[in-house]
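Below: the structure, in structure tokens.
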Amino acid sequence: MQKNLVIVESPAKAKTIEKFLGGDYKVMSSYGHIRDLKKREISIDEKTMEPQYEIPADKKKVVAQLKSEAKKAEKVWLASDEDREGEAISWHLCEVLGLDQQQTSRIVFHEITKPAILKAIEQPRMLDMNLVNAQQARRVLDRLVGFKLSPVLWRKVKPALSAGRVQSVAVRLIVDREREIQKFKSEPYYALQAVFTLDDNGKQVELKATLDHRLKSQEEVDALMQQMKQATFTVDSVQKKPVKRSPAPPFTTSTLQQEAARKLGFTVSQTMLVAQHLYENGHITYMRTDSVNLSSLCLNTAKTAINALYGEKYSHPRQFHTHAKGAQEAHEAIRPTYMDRQTIEAPQQEQRLYELIWKRTAASQMADAELEKTTITIEAECGHANGDNSAAQKTLFTATGEVVTFDGFLKVYRPTEGDDTQADTDEGKLLPPMHKGQSLERMEMTATERFSTPPARYTEASLVHKMEELGIGRPSTYAPTISTIQQREYVQKGDTKGQERPYTITTLKGQSLTHRKKSEMAGSDKGKLLPTDIGLVVNDFLMQHFPNIMDYSFTANVEQDFDRIAEGKEQWEKMMKAFYKKFEPTVEQTLKSRSEHKAGERVLGNDPETGRPVMVKIGRFGPVVQKGTADEKEKPVFAQLPKKFSMEAITLEEALELFRLPRKIGEYEGKTVTINTGRFGPYAQHDGKYTSLGKDFDPMTITLEEAIGLIEAKRKKEAEKHIKSFDEKPGLEVLNGRWGPYIVYEGKNYRLTKQQKERAKELTLEECLEIVKA
DNA sequence: CAGTGAGCGAGCTTCCGCTTGACTT
């Protein structure tokens, strides 16, 4: 007979807490929400806004266990997180387990430490129904938006698409950014660098300095260079000032995802998976958090660890405060459980992420770095031989240097710059000692043509950063949202090929001025998020009909309403009814507006041969070009849009080319050979078999002979494919694939080791079954 | 990882937040 039952959200947490509380307490986990709106239907009464909840199939078992333990216990404590969702979890537990709200204690804690838990037990409270209602409003709003908008897309764009408060805005960010980049006009400018020499105790030393402003044209560069030929240079000012740099706060989910991407090359979901392991093994605190708060326990142990490792002057305990929009701060920041463990025994990825977390946490408790920043300005004086002594022209160069006088937190953690900052830093650059009035000798001067750069495309991590800034999404949903928008094919990670761009370098050496042309690749990008045709069409469609939902501040605005509900100042059903009253008619209207054209459809022109209209649109299976319409006598002709074309940019000429496929190129062995292009690129079809053309052949120009060659090559490979089979086990075969021999058994493939591959022909049935089993 | 190749008139699809599952012996 158990006296007390405590219910928390996470099983790892349950284990820890049980240790703190001792024998009178049993601690169990609800594994998150135990009840939700029904999966398939909208499950909201559109008049009253009353939600219909159910226990999802995969939660039945947990609920049954909780029920039976709750019955046995004298007292039940609900210890879910202290935020909207956590309060709702507790309320659902009350409802489902049949607990009396008056008899049930709701407790909360923000850190999993013994004093925090014991203190929480001493301060139980009742369920906060206002907070629960704020969650219900959130839940109902998201369901209404998602389940009303998605079907509109199925009708107007393409089946199985989805829209939602979070994902649609995430896509919009990427679409807007891409359009900004396309619109961007790159302007050239010229950055001028000079090398001087000066005398430092009899030694000639070099000094690099930069012109204090950018030049706009080559003419300006040439004119200035002419002046510089005769100019004399003196030090105008020497300024030294101490600068302090402070460490960044410890990790939240979003900053961890960003830093792991930059420093370790992890994807957002990879980071979460690895962090989950670290958490389950007790190495770090909870990894889904928006808080930068550290427990006093951590502050103390961090101090001890830093003192021991680096000495007292490196220690500087500090507490950080969260500024993120809509942060709910139910947990601590992400930190090591034990600060005295600088490293752990674990698989490599976990080790690396752990060390990153340790360093970031430690650095946050360390002293500021102190630097000395030196700025030297150099004046060029140009003599005016013609006696024209109008306003003296002042040309200034600046040289900056930075010296770390005390490294502080930099000893363990170097901050990485944002995505779009340039790599040039003055860090570690030491300038020779100089004084005002000192004269310098000009050596070489170089003006390099540069180009203003458009805003950077989003990476997974920088998108998360932006979403957090706008208050869209939560720590638990960043990674899933990024997967969703890629799964729906709204965006994809891709490479953009740059364009070759010439630029000019102008050099003044001695008295001779030279111009050199070079070229660089501009605008190339790797692995960045790009909108697809479908993403563009869906985004434009939603922007046109539902600008309110697509507004970047929509979430922030409704959050304010949720806050008012949480404070008991507004009724949640009232708020939802008001929203729905405006929203629902727009949905109806959009569905009803039976326009002839599908969303995103674009007419390119007419086929010069038949006069039939040619258009691009999103078809049942993605973007297609179409010739003719359904109401004409002759059926319309379709062709899938190959990847290299975009719906926005394809021309009539390019589209007409696409209709030239499928192309019959002749006969072989009495059967026609047809060339077409499909999902996996161009292919030849012959005798019911398909042969890929590969990259070397163009489907428009390939000859019959070339195609036959490919067909024969494929046949040969096909024949070599089969290595071995066994009469006793017809389902088992040893085959030769793209990566050498492998075993196929009952529809599944099994790889072989290097040694096994070498003697693939001699493998026995027993050996094969062994491999399958392993 | 191990081979793919249709259709454009029917089925199904979808949201955001919480949380990790486990057919063995």
Side-chain angles (χ1 to χ4, degrees), chain A residues 8-13 29-37 39-44 56 58-59 61-62 80-81 83-90 92 135 138-155 158-168 273 276-277 279-280 286 288 328 330 472-478 480-481 484 488 555 598 617-622 624 626 630 635-640 662 674 676-685 688-692 714 717-718 721 735-744 748-752:
Chain A
V8 296
E9 291 180 37
S10 146
K13 219 187 221 181
S29 156
S30 74
Y31 293 83
H33 276 292
I34 54 150
R35 220 165 53 147
D36 191 16
L37 295 172
K39 218 170 162 222
R40 299 223 112 84
E41 306 136 51
I42 192 141
S43 306
I44 295 159
D58 58 333
K59 283 289 161 64
K61 210 171 137 190
V62 190
S80 49
D81 299 343
D83 57 17
R84 227 162 41 203
E85 299 298 328
E87 203 68 16
I89 288 174
S90 280
H92 283 300
Q135 193 274 346
R138 199 280 304 155
R139 182 69 190 92
V140 165
L141 176 82
D142 284 338
R143 173 54 70 88
L144 288 175
V145 170
F147 274 40
K148 287 286 171 184
L149 285 190
S150 300
V152 177
L153 295 180
W154 304 343
R155 278 269 289 275
K158 186 174 171 293
L161 293 177
S162 65
R165 173 176 60 83
V166 172
Q167 57 168 289
S168 296
L273 195 74
Q276 177 84 29
H277 283 143
Y279 169 67
E280 282 168 6
Y286 198 56
R288 290 186 274 265
Q328 307 202 6
I472 298 166
R474 304 276 313 131
S476 66
T477 59
Y478 294 138
T481 302
T484 302
R488 300 265 177 280
T555 290
K598 279 188 89 172
K617 65 177 193 186
I618 306 269
R620 173 80 180 76
F621 305 99
V624 286
Q626 180 182 348
K635 266 193 164 181
V637 189
F638 294 92
Q640 193 195 320
T674 316
N676 203 352
T677 174
R679 279 195 289 173
F680 315 106
Y683 63 94
Q685 189 175 14
K689 292 208 166 113
Y690 301 89
T691 309
S692 189
K714 165 129 190 210
K717 227 168 123 193
E718 198 81 343
K721 188 179 153 189
L735 298 179
N736 202 2
R738 240 159 86 186
W739 290 275
Y742 67 99
I743 294 173
V744 60
K748 280 188 179 169
N749 300 315
Y750 303 87
R751 57 191 299 185
L752 302 176

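Chain identifiers are assigned alphabetically (A, B, ...) following the order of the sequence lines, protein sequences preceding nucleic acid strands; residue numbering begins at 1 within each chain.
The separation between K689(A) atom NZ and dT4(B) atom P is 11 Å, rounded to whole Å. What separates CG of D58(A) from C1' of dT20(B) is a distance of 10 Å, to the nearest Å. Atoms CD (Q135(A)) and P (dT19(B)) sit 13 Å apart, rounded to a whole Å. Distance K635(A) NZ to dC8(B) P: 6 Å, rounded to the nearest Å. The CZ atom of F621(A) sits 12 Å away from the C1' atom of dA10(B) (whole-angstrom rounding). Taking atom NE2 of H277(A) as the reference point, atom P of dT19(B) lies 16 Å away to the nearest angstrom.
For D36(A), the side chain to side chain donor-acceptor pair (under 3.5 Å) partners at least two apart in sequence or on another chain are R139(A). Remark: K158(A) pairs with L161(A), I534(A), I618(A) by the side chain to side chain contact (heavy atoms under 4.5 Å, CB included) rule, at least two apart or across chains. Looking at residues two or more places apart in sequence or on another chain, you find no side chain to side chain donor-acceptor pair (under 3.5 Å) involving Y31(A). Take K689(A) and apply the side chain to side chain contact (heavy atoms under 4.5 Å, CB included) test, not counting sequence neighbours, and it matches no residue. Applying the side chain to side chain donor-acceptor pair (under 3.5 Å) test to S162(A) and every residue at least two apart in sequence or in another chain returns Q167(A), R488(A). Partners of S168(A) by side chain to side chain contact (heavy atoms under 4.5 Å, CB included), not counting sequence neighbours, listed by chain and number: A163(A), L542(A), M550(A). The side chain to side chain donor-acceptor pair (under 3.5 Å) search around S476(A) returns none, not counting sequence neighbours.
Within the structure, every side-chain polar atom (N or O) of Y683(A) is placed at least 4.0 Å from both OP1 and OP2 of dG3(B). Distances shorter than 4.0 Å separate none of the side-chain N or O atoms of Q685(A) from OP1 or OP2 on dG5(B).
Spacing of C1' atoms, dG7(B) relative to dC12(B), comes out at 16 Å, to the nearest Å.
Checking S80(A) against S90(A) by side-chain atom types alone, a donor-acceptor pair falls below 3.5 Å.
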Seminar exercise, completed: Per-nt protein contacts along nucleotides 11-18 of chain B (heavy atom under 4.0 Å; B base, S backbone sugar-phosphate only, - none) come out as -BBBBBBB
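Across all strands, S692(A) comes closer than 4.0 Å to base atoms (heavy-atom distances). As judged by a 4.0 angstrom heavy-atom cut-off over every strand, Q626(A) is placed among residues making no nucleic acid contact.
K13(A) places no side-chain N or O within donor-acceptor distance of the main-chain N or O of V8(A), the cut-off being under 3.5 Å.
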For this session: Go ahead and write out DNA chain B as dot-bracket, 5' to 3': ( ) for pairs within the strand, [ ] for ones crossing earlier pairs, | when the partner sits on another strand, dots for unpaired; Watson-Crick or G-U wobble, both distances under 3.5 Å.
Result: .........................
